[in-house]
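Quantities reported herein were computed from a predicted structural model and do not represent experimental measurements. Hydrogens, waters and symmetry mates are skipped; everything else that's a heavy atom, side chains included, is used.
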Amino acid sequence: MDFTNKVAISTGAASGMGLLFAENFAALGGNVVMCDVNAEVLTEKVAAINEKGVGKAVAVVCDVRDYSQVCAARDRAVAEFGRIDIMANFAGGTAVRMCKVDREKHPEFPDVPIDVYDWGIDVNLKGPFYFAHAVLKQMREQRSGLIINIGSITGAEGDGYGMDYPTSKAGLMYGLTKSITQFGAKYGIRCVCVSPGPVLTRAAMAGMKTPLGRAAEPQEIIDLVLFIASEKGQFINGENIMIDGGRNAMGRYTK
């Protein structure tokens, strides 16, 4: 795959799969605008990519919950590279984990402070929605582009405690992805959602069951994203693609 002269924006790009996507995309010749709230780590990761001298990386400190910052990231991409070919929405996380909720103090869903769930819905759903709204202006003008949403097996399974996460991910997997596809059709714009099962971005993911008896390596997820973005994946559009080792084929309530 060759992404020479292509331009991507990746969110959550200081770590995890957002970073791995950026590293892979740049190694294949693409230019990437890397967005994250962690300025120090982001700067370090961008420098490491640029030291390799293939594709160029640019750092933009961006909180995906703030539409003005989202628009600033879009504008930086256009100012730097003249276009946006791929928008990859990797930023996200389960709020009760990211906000370090004490399960003993807040044992059930109604006990968790609502601002925790606000954080989760804002990052996991409104963030991709904001970026879609912002970058589609540019993609419409250039009459091309791809938005990659990152769903989750949890969007199909639900979660009786961390409810913000499956609620948000289901919104990406179906409502937002299909709606962007409908809007983008006349402009040559595609939208695809990639929904992983357990991925070894955290050790705890190894405990989630799959028929294959393992969790995915992060690179396996990124390989699918890159395929969709490449010339080989141009007929994939408007779909939610599960990459979960068969977990979605299992019976429910199998943690």
**Q.** Any donor-acceptor N/O pair, Thr94 side chain to Val96 backbone, under 3.5 Å
**A.** no
(Q) If I compare all heavy atoms of Ala26 with all of Ile49, which pair ends up nearest, and what's the gap? (A) CB-CG2, 3.5 Å
Q. When hydrophobic residues are tied together by side-chain contacts of less than 4.5 Å, even through go-betweens, does Ile243 share a cluster with Leu226?
A. yes
(Q) With a 3.5 Å distance limit and no angle check, can you tell me whether Asn31 reaches the backbone of Lys56 through a side-chain donor-acceptor pair? (A) yes
Q | Sidechain-backbone polar pair: Gln142 side chain, Met139 backbone, donor-acceptor under 3.5 Å | A | no
Q) Would you find a donor on one side and an acceptor on the other, under 3.5 Å apart, between the side chain of Arg247 and the backbone of Gly197? A) no
Q: Kindly give the heavy-atom pair with the smallest separation between Val60 and Val33, and that separation in Å.
A: CG2-CG1, 3.6 Å
(Q) Using a 3.5 Å distance criterion without hydrogens, assess whether the side chain of Ser179 forms a donor-acceptor pair with backbone atoms of Leu176. (A) no
Q: Give the intermediate values and the outcome of side chain to side chain contact (heavy atoms under 4.5 Å, CB included) for residues Arg202 and Arg97.
A: CA-CA 12 Å; Arg202 295 188 297 118; Arg97 177 175 61 84; 3.3 Å; yes
Q) With no hydrogens and no angle check, is any side-chain donor or acceptor of Lys169 less than 3.5 Å from a backbone partner on Ile150? A) yes
Q: Indicate yes or no: does Lys52 engage Glu23 in a salt bridge with an N to O separation below 4.0 Å.
A: no
Q: Report whether Phe227 and Ile221 are members of the same hydrophobic cluster (ILVMFWY, side-chain heavy atoms less than 4.5 Å apart, transitive linking).
A: yes
Q. Do Phe3 and Met34 belong together in a cluster built from hydrophobic side chains that touch within less than 4.5 Å?
A. yes
**Q.** Sidechain-backbone polar pair: Asn124 side chain, Ile121 backbone, donor-acceptor under 3.5 Å
**A.** no
Q) Between Ala134 and Cys71, which heavy-atom pair has the shortest distance, and what is it? A) CB-SG, 4.2 Å
Q. Taking all non-hydrogen atoms of both residues, which atom of Gly238 and which atom of Thr181 are closest, and how far apart?
A. CA-OG1, 3.1 Å
Q: Mind listing the closest non-hydrogen atom pair of Ala156 and Met242 along with its distance?
A: CB-CE, 3.8 Å
Q. Quick one: are Leu136 and Ile180 in side-chain contact, heavy atoms under 4.5 Å?
A. yes
Q: Please check if atom NZ in Lys137 has more than 12 non-hydrogen atoms from other residues, nucleotides or ligands closer than 6.0 Å.
A: yes
Q.
Strictly distance-based, threshold 3.5 Å: is any side-chain N or O of Thr210 a donor or acceptor partner for the main-chain N or O of Gly213?
A. yes
Q: Show your reasoning for whether side chain to side chain contact (heavy atoms under 4.5 Å, CB included) applies to Ile86 and Ile9.
A: CA-CA 6 Å; Ile86 298 138; Ile9 298 176; over 6 Å; no
Q: For Ala91 and Val64, work out which heavy atoms get closest and say how close.
A: CB-CG1, 4.2 Å
Q. Sub-3.5 Å donor-acceptor pair from the side chain of Asp159 to the main-chain atoms of Gly162, do we have one?
A. yes
Q.
Quick one: does any side-chain atom of Gln69 pair with a main-chain N or O of Arg65 as donor and acceptor, under 3.5 Å?
A. no
Q: Before giving the answer on side chain to side chain donor-acceptor pair (under 3.5 Å), spell out for Asn248 and Glu157 the whole-Å C-alpha distance, their side-chain angles and the decisive distance to 0.1 Å.
A: CA-CA 8 Å; Asn248 198 42; Glu157 292 180 338; over 6 Å; no
Q: Flag the pair Ile241 / Ile228 as yes when at least one side-chain heavy-atom distance between them is below 4.5 Å, and no otherwise.
A: yes
(Q) Using side chain to side chain contact (heavy atoms under 4.5 Å, CB included), reason through Asn89 and Phe129 one step at a time and then give a plain yes or no. (A) CA-CA 9 Å; Asn89 288 304; Phe129 194 99; over 6 Å; no
Q) In terms of hydrophobic clusters joined by side-chain contacts under 4.5 Å, are Met173 and Val199 together? A) no
Q) With respect to Ser195, which candidate in Thr177, Thr154, Asn240 satisfies the side-chain hydrogen bond (donor to acceptor under 3.5 Å, both in side chains) definition? A) Asn240
**Q.** Parallel, tilted or perpendicular, as decided by the 30° and 60° cut-offs, for the rings of Tyr130 and Tyr67
**A.** perpendicular
Q: Can you run down the side-chain hydrogen bond (donor to acceptor under 3.5 Å, both in side chains) pairs that involve residues 7-20, sequence neighbours left out, and say none if there aren't any?
A: none
Q) With a 4.5 Å limit on heavy-atom distance, are the side chains of Phe90 and Ile222 in contact? A) yes
Q: Begin with the C-alpha distance, continue with both residues' side-chain angles, and end with the deciding distance and a verdict on side chain to side chain donor-acceptor pair (under 3.5 Å) for Ser144 and Arg190.
A: CA-CA 8 Å; Ser144 65; Arg190 294 184 297 134; over 6 Å; no
Q: Give a yes or no on whether Met17 and Met1 share a hydrophobic cluster (residues Ile, Leu, Val, Met, Phe, Trp, Tyr; joining criterion: side-chain heavy atoms under 4.5 Å apart).
A: yes
Q: Using a cut-off of 6.0 Å, state whether more than 12 heavy atoms not belonging to Asp75 lie near its atom CG.
A: yes
